[in-house]
Amino acid sequence: MAAGAPHRVAVVGGGFGGLQAALRLRRAPVEITLIDRRNFHLFQPLTYQVATGALSASEVAYPLRAIFKSDRNVRVLLAAVSGFDLDRRRLELEPVAADQTAQTLSYDTLIVAGGSSYSYFGHDDWAAVAPEVKSLESALDVRRRILSAFEAAETEADDARRSAWLSFVIVGAGPTGVEMAGQIAEMARNTLRRDFRMVDPEAARVLLVEAANRVLTAFPPSLSAKATESLERLGVTPLVNRTVVGIDAEAVTVELPTGEERLSARTVIWAAGVTASGLAAQLASVSGASLDRAGRVTVRPDLSLPGYPDAFALGDMVRVSDRDGRPVELPGVAPVAIQQGKYVAKVVGDRLAGRPTAAFRYHDRGNLATIGRASAVADLRGLRLSGLLAWVVWLFVHLWYLVGFQNRLVVFIRWLFSFITRGRAARLITATAGSDPRLRESR
C-alpha cells in the first residue's frame, strides 16, 4: 500500500455473512470490494416458497449494487475466486463473462463467506433427478418440476403412471424438508384443487423421508411431535428411520431394518445434509488449517485463519476453535453467518483504531420452522411455541431479515393475499416442456 492509502478489504460472497460484513464496514475508513458469482443477495430461508409458487424470484433476492449504490467506497465485482495467495495478499478472480481474462485483486484484509451447498453423500449423480432448493436457479427448476408433474398427470391415461406423477418425495426432514412438504401438500389440496379436469390434485402423495427417528431433530421432541401432527393433517406422510440408497427417474429406494422399499415417484426434492463451499478447501490448503468431514475449515476464535490474522472466514464453511483450540461446530443457519459477519467487521474496525476485540461468541436465539398455513413450531431460548402463534413469530422474523423495504412490503402483501385466498400467483412454468427430461421420457 502507498502511504496514506485507504485500507483495502476484500469480501468474498454476498450471502448473509459477507453482506453483513460489508454493511458494517461501509462507514469505516476502508475501501471494500465485494465479490460474488451472482449479482444479488439471496434470502435462502424463503427459496422453498419460490419453488412452490408462493413467492416470485425477485421477492427473495435483491441486487448487490442496489444495496451499496450510495456507498462510494464499496465496489461490487461479478466474478468467482479461483485462487488465494495469502502471503502476498492477493486473490485470483475468474470473470463470469467468457470473453474476459482473469484478474488479480490485492487486499489488506480478506473476508471469505462462501457458504455451503447440499451434499448428496457421494452420490452426485442423484442431483440430476433430485434437485435442491438452496439456490435461486434450482428453486425455479423445482417449481417447474412440481407444476409439470400435475400437468403430466392431467394427460396420463395409465393409472400407475398417473399415480407416480402425483407422488412427491422430499429427502430430509429438517426445516427445509418440512417446509417443502407442507407447501406441496397445501398447493395440491388448496391452490390446485379446482384447476384440473381429468385429475384430482388432492390425490397427490407427499412423502417426507428421514433417516433419523423423527422430523426436525434440531428441535425438542415435543415440538417435533407437533410438527409431525401438523404435517399429517395436511396430508404429508413422514417416513422416518429410512435411509435413501437409490434415486432414479421413476422412484426412490430406501433402506429399512427389514430390507429395501421402492417408492414410486417422478418428482424428488433433496433437502438432506450440506457441505461447505469449495473455497474452504482452498483456504485450508494454502493456510494449513484443518478440514472436517463436511469440508469446513477450522478458524481461530477471532475467525481468522491460523497464521494469517488478516484473513477471515465465516458462515457455513467454517468451524470455530474455542480458547483451548477445540473446534466448535455451530449450526449452518443464517443467524450464525449474520453474527459472524458483524463480528469480523468489528474486528477490522477495532484493529484500525488500535483496540482489542474479544473472541467470537454465538448468541443462539432459537429455531423456527413453518409447516403450513398458520402452522409452525418455534424453540426460542426454552420458550416452545406451536401453531398460529409460532407462525406469526416466524412470519415477522423472516420479514425483518429480508433485505430492502420494497421486498418486505411486497412479501407481506403476497403472504396476506395467499392467506386469505389460498392462492399462489407465481405458479409459472418458465421453461418449455422439452427441457424437462421426465416429460421427454414419458412420451
Side-chain angles (χ1 to χ4, degrees), residues 11-25 41 43-45 109-117 134 174-176 216-220 223 273-277 279-280 283-284 289-306 309 311-351 355-369 377-385 393-394 396-398 400-403:
V11 180
V12 180
F16 288 107
L19 179 64
Q20 286 301 319
L23 287 171
R24 289 302 177 103
L25 283 170
H41 167 75
F43 191 79
Q44 283 186 344
T109 295
L110 172 65
I111 302 171
V112 184
S116 63
S117 60
K134 200 172 181 67
T176 299
L216 296 177
T217 55
F219 288 72
L223 291 180
V274 296
T275 185
S277 163
L279 297 179
L283 288 174
S290 62
L291 286 175
D292 67 1
R293 290 190 300 175
R296 293 173 295 192
V297 62
T298 304
V299 295
R300 299 176 66 247
D302 65 353
L303 305 187
S304 66
L305 291 166
F312 299 88
L314 54 89
D316 296 352
M317 60 180 283
V318 307
R319 58 178 183 171
V320 185
S321 297
D322 61 17
R323 295 181 182 275
D324 299 322
R326 295 171 299 190
V328 178
E329 297 181 3
L330 298 173
V333 293
V336 173
I338 290 171
Q339 291 182 33
Q340 290 181 341
K342 293 177 179 178
Y343 171 82
V344 169
K346 185 178 187 309
V347 172
V348 174
D350 286 347
R351 288 183 181 179
R355 297 187 300 263
T357 311
F360 173 75
R361 182 180 179 184
Y362 173 55
H363 299 281
D364 188 356
R365 296 183 173 89
N367 289 322
L368 292 164
V377 290
D379 180 22
L380 307 173
R381 291 187 174 182
L383 177 62
R384 298 172 183 177
L385 305 173
V393 173
W394 175 92
F396 280 102
V397 166
H398 284 69
W400 174 261
Y401 281 112
L402 265 176
V403 174

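Bear in mind that the values here come from a model prediction, so they are computed numbers and not experimental data.
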Exercise: identify the closest heavy-atom pair between A276 and G295: CB-O, 3.2 Å

Spacing of L19 atom CG and K342 atom NZ [to the nearest 0.5 Å]: 10.5 Å

4.5 Å side-chain heavy-atom contact, L25 and I111: yes

Value rounded to 0.5 Å, distance of NE2 in H398 from CG in L368: 6.5 Å

ring-ring contact (aromatic ring centres under 6.0 Å, His included) against F312, all qualifying residues, sequence neighbours excluded: none

Side chains of D316 and V274 in contact at under 4.5 Å (non-hydrogen atoms): no

Over 12 foreign heavy atoms within 6.0 Å of OH, Y362: yes

For T357, side chain to side chain donor-acceptor pair (under 3.5 Å) partners two or more places apart: D350

Point-to-point distance, once rounded to the nearest 0.5 Å, from CD1 of I338 to OH of Y401: 5.0 Å

D302: partners by side chain to side chain donor-acceptor pair (under 3.5 Å), with sequence neighbours left out: R300, S304, R351

Close side-chain approach of D292 to T298, heavy-atom, < 4.5 Å: no

Set of residues satisfying ring-ring contact (aromatic ring centres under 6.0 Å, His included) with respect to F219, sequence neighbours excluded: none

Inter- and intrachain pairs under ring-ring contact (aromatic ring centres under 6.0 Å, His included), touching residues 314-341, at least two apart: none

Side chains of L216 and L223 in contact at under 4.5 Å (non-hydrogen atoms): no

Partner set under salt bridge (Lys or Arg N to Asp or Glu O under 4.0 Å) for R24, not counting sequence neighbours: none

Qualifying residues under side-chain contact (heavy atoms from CB on, under 4.5 Å), relative to A359, sequence neighbours excluded: P301, R323

R381 side-chain N/O to D364 backbone N/O, donor-acceptor pair under 3.5 Å: yes

Close side-chain approach of N367 to P175, heavy-atom, < 4.5 Å: no

Exercise: identify the closest heavy-atom pair between L314 and G18: CD1-N, 4.3 Å

CG-CZ distance between L291 and R319, expressed to the nearest 0.5 angstrom: 8.5 Å

pair V347-L303: side-chain heavy atoms closer than 4.5 Å: no

Which atom of A313 lies closest to which atom of L283, heavy atoms considered: CB-CD1, 4.1 Å

Those residues that, when tested against R326, pass side-chain contact (heavy atoms from CB on, under 4.5 Å) (two or more places apart): D322, D324

Nearest non-hydrogen partners of L279 and G114, listed with the distance: CD1-CA, 4.2 Å

W394 side chain near P45 side chain, heavy-atom distance below 4.5 Å: no

T109: side chain to side chain donor-acceptor pair (under 3.5 Å) partners, not counting sequence neighbours: H7

Chi angles and distances behind the side chain to side chain contact (heavy atoms under 4.5 Å, CB included) call for V299, L305: CA-CA 5 Å; V299 295; L305 291 166; 4.1 Å; yes

For the student: nearest non-hydrogen atoms of A113 and G17, plus distance: CB-C, 4.2 Å

For R361, all residues meeting side-chain contact (heavy atoms from CB on, under 4.5 Å), sequence neighbours excluded: H363

Selection residues 328-338 - residue pairs positive for salt bridge (Lys or Arg N to Asp or Glu O under 4.0 Å), sequence neighbours left out: R296-E329

Taking every non-hydrogen atom, the tightest pair across F16 and H41: N-CE1, 3.8 Å

Residue list, side chain to side chain donor-acceptor pair (under 3.5 Å) with R384, at least two apart or on another chain: none

Side chain proximity check, Q44 to S116, heavy atoms < 4.5 angstrom: no

